[in-house]
4 protein chains.
Amino acid sequence: MKNNKPKYKLIIDAAVDVIAENGYHASQVSKIAKKAGVADGTIYLYFKNKEDILVSVFEEKMGQFIEQIVTATNERENASEKLLTLIEMHFSQLAANHHLAIVTQLELRQSNLSLRQQINRILKPYLVVIDEIVKEGVEEKLFRSDIKIPLIRQMIFGTLDETVTNWVMNEEKYDLIGLAPYVHELITKGVSVK
Amino acid sequence: MKNNKPKYKLIIDAAVDVIAENGYHASQVSKIAKKAGVADGTIYLYFKNKEDILVSVFEEKMGQFIEQIVTATNERENASEKLLTLIEMHFSQLAANHHLAIVTQLELRQSNLSLRQQINRILKPYLVVIDEIVKEGVEEKLFRSDIKIPLIRQMIFGTLDETVTNWVMNEEKYDLIGLAPYVHELITKGVSVK
Amino acid sequence: MKNNKPKYKLIIDAAVDVIAENGYHASQVSKIAKKAGVADGTIYLYFKNKEDILVSVFEEKMGQFIEQIVTATNERENASEKLLTLIEMHFSQLAANHHLAIVTQLELRQSNLSLRQQINRILKPYLVVIDEIVKEGVEEKLFRSDIKIPLIRQMIFGTLDETVTNWVMNEEKYDLIGLAPYVHELITKGVSVK
Amino acid sequence: MKNNKPKYKLIIDAAVDVIAENGYHASQVSKIAKKAGVADGTIYLYFKNKEDILVSVFEEKMGQFIEQIVTATNERENASEKLLTLIEMHFSQLAANHHLAIVTQLELRQSNLSLRQQINRILKPYLVVIDEIVKEGVEEKLFRSDIKIPLIRQMIFGTLDETVTNWVMNEEKYDLIGLAPYVHELITKGVSVK
DNA sequence: CATGAATGAGCTTTCATTCAT
DNA sequence: TATGAATGAAAGCTCATTCAT
């Protein structure tokens, strides 16, 4: 019984594993090809070059990541609840996929400017999702309107990202998902008492 | 009149410039040596290997960076003011040194696990400074005590880091330092109204 | 209405164009197949391998080339006139077909020994034609008999070939055909006065 | 006792041998390096890239080739004698160096346009030497003035080149140098009787 | 006959590091 | 200390050829 998965997907999945296991710079194309069970040359029938594999990995995985979050947050009533759901989903999806967490938090950052810019382009829709939740909160008079939204979004994304990165670098030893309500509390209420 | 700076420092400074100008991956040892005005081989009298140059660059620059912040925050009366000063100093020091900002926010992230861990070790004292300000705030009953300090520190550092990275990736087009009070407000009060 | 030319000929013609346009080393089999409107694999139903395409190209085109010259020279009365006709035909056929001129004068020379030997084999009949004209001239007491025919043939072919190559490398800027009588004069009378 | 020849010359000589033995396309840089007794990387301290090795080989050898001919022809009294000496030297130098003959007559022709143009540039001085002998002959009223010099030069060079190529392709089985007077006779007097 | 997806061997060039001087 | 010429391992990508359909 042969493997019927389309080669594109086979290669993407192999790339996630290989990058997570070996790190970005030790992920030779030949290693990815071997893991995917295809010839080296086959990679180039589906991807323009090595960088294109990485971008596609991120595009593919990030697409699913964002879709899950959008679906889940849409089921919530107000901006604060949506924000909590976003945090929970952000944490839970990365906690559920060890390799993906390593790739997004560590490996994909080791890239040159060109790749970085493409990653930012892919990340954009997620930032837009955050922006929209914040806007909604402002309209609902739940969130402050005296600070520019991009700055608020940077705080939210920066906090989530730093929290996940710390968790990954601590070898995922503690419960990331359990932190969600505390992070939500911090973001909404801030560090000050009352 | 020849340059009397010790070669160690010459090489460190050359490395910062070369990395900022060419990017991490295009920063060959020979380029750094040329900029520093020494022979390639001389580099290896002062540094174990290429990675050691990078770690030393970060160590050197980060040491000064932290020292400045510690000195400045010590002159403040309470935790909230200290936090504001820390934010201002964090922003102003990077805004004042274009090359250093690029190196810390973009280039040094493109490194392998080993280098990343050493960078974290170097970053540790800065995180400790943040922790201490938070602890002081808690003792002063200014900051909340119901959330673990590491989480609060991650929010603070994550927000600052994300804000600076965005500013660098936007080609430093807007006034970073001017954002300090708003970021401080967000961190202390949160996104919620009141 | 689809193209009814037999695929063999389609491929040969495509190969001439592709080689002339892209040069020998950039003439991938897939490019020739695309231009011919057939699948890559189809090529191998008609040709043993890539080299075989090139040999066949030369064989095909050279066959026509020689045939034209034989026909035309046969209409002449004596060796000297035949030689002039041969020169005129040699020049005019290449001048009339830009792509063929590039392929014969430049691209086909960039080949390995095996291909070169096959090309020589194909060229042989042309050299025989020259030899026969010379022999005829000797019999008619028009041409000298004190120098071996192969040497005379080398002078004739060498002169023609060098003249055409120079014209091609000068981007065919001047009138090649107009040179025929001068070249004929040089070959028959030599460079010396009287 | 180590080899004191400068590496540049070592590599040039190794390249001639390797190309003659293996042919142009099978002459990997690593093969040349091995033959020269240096590391692969060392090649790139002396040559810009692989093509540069080939150009340099031709430049170096052709320089000597031309110099010898210029020196020898300058010792002759008139244009006809100079031409004979040029032919003799052209033949004898290639006959004396089997590898060089193969490289110049066969291997260096298998090159792309860029390399071909560089080779032509290097060949230029030789063509100028021929031109000058012809001009001298015209002034001395020995050579005809009714045909443009470039055409005469093409006949001369074409004849010599074709003669040498034939000799090389016939595995150098006959005496090339002995052909010189006959070739000279053909060039000066032509193929016609009287 | 025809297809075209898949194969995988093959090669130039870079650059961190060494070491004889 | 300082030099810089020399080293040589390492890897992305191409493309002629095959073969299952």
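The model shown is predicted, which means the values in this text are computed figures rather than measured ones. So that the names make sense, note that chain A is the first sequence line, chain B the second, and so on, each numbered from 1.
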> When you match Ser27(D) and Thr42(C) each to their closest nucleotide on DNA chain E, which lands nearer the 5' end?
Replying inline: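 This one resolves to Thr42(C).
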>> With heavy-atom distances below 4.5 Å as the criterion, would you say the side chains of Ile12(D) and Tyr46(D) are in contact?
In response: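 Answer no - side chains too far apart.
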Between [X] ([atom1]) and [N] ([atom2]), how many Å, whole number?
X: Leu10(A); N: dA6(E); atom1: CG; atom2: P; value: 10 Å
X: Lys31(B); N: dT17(E); atom1: NZ; atom2: P; value: 16 Å
X: Lys34(A); N: dG12(F); atom1: NZ; atom2: P; value: 15 Å
X: Asp40(C); N: dC1(E); atom1: CG; atom2: C1'; value: 16 Å

>> Could you check whether Glu60(A) pairs with Lys9(A) (Lys NZ or Arg NE/NH1/NH2 to Asp/Glu carboxylate O, under 4.0 Å)?
In response: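 No, Glu60(A) and Lys9(A) are not salt-bridged.
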> Hey, can you pull the residues of residues 43-53 of chain D with a non-hydrogen atom under 4.0 angstrom from DNA chain E?
Replying inline: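 Correct list: Tyr44(D), Asn49(D), Lys50(D).
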> Mapping Gly41(D) and Val29(A) to their closest nucleotides on DNA chain F, which lands nearer the 5' end?
Replying inline: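 On the 5' side of the pair lies Gly41(D).
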> Quick one: on DNA chain F, does Gln28(C) or Ala39(D) contact a more 5' nucleotide (nearest heavy atom)?
Replying inline: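 The answer here is Ala39(D).
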>> Taking only the P atom of each, what is the distance from dT21(F) to dC1(E) in whole angstrom?
In response: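 These two P atoms come out 23 Å apart once rounded.
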> Only one of Lys35(C), Lys7(C), Lys61(C) forms a salt bridge (charged side-chain N to carboxylate O under 4.0 Å, His left out) with Asp13(C), so which one is it?
Replying inline: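 That would be Lys61(C).
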>> Is there a side-chain hydrogen bond (donor to acceptor under 3.5 Å, both in side chains) between Gln105(C) and Asp161(C)? Walk through the geometry before answering.
In response: CA-CA 8 Å; Gln105(C) 302 307 122; Asp161(C) 195 54; 3.1 Å; yes
> Which base sits across from dA20(E) as a Watson-Crick or G-U pair, both distances under 3.5 Å?
Replying inline: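 Pair assignment: dA20(E) / dT3(F).
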> Can you check whether Ser30(C) has a side-chain N or O nearer than 4.0 Å to OP1 or OP2 of dC15(F)?
Replying inline: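 So the side-chain polar atoms of Ser30(C) never come under 4.0 Å of the phosphate oxygens OP1 or OP2 of dC15(F).
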>> Gln118(C) vs Glu59(C), test: side-chain hydrogen bond (donor to acceptor under 3.5 Å, both in side chains). Steps then yes/no.
In response: CA-CA 9 Å; Gln118(C) 295 189 68; Glu59(C) 207 156 21; over 6 Å; no
>> Could you check whether any side-chain N or O of Lys31(A) sits under 3.5 Å from a backbone N or O of Ala26(A), counting only pairs where one atom can act as donor and the other as acceptor?
In response: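 Answer holds: yes.
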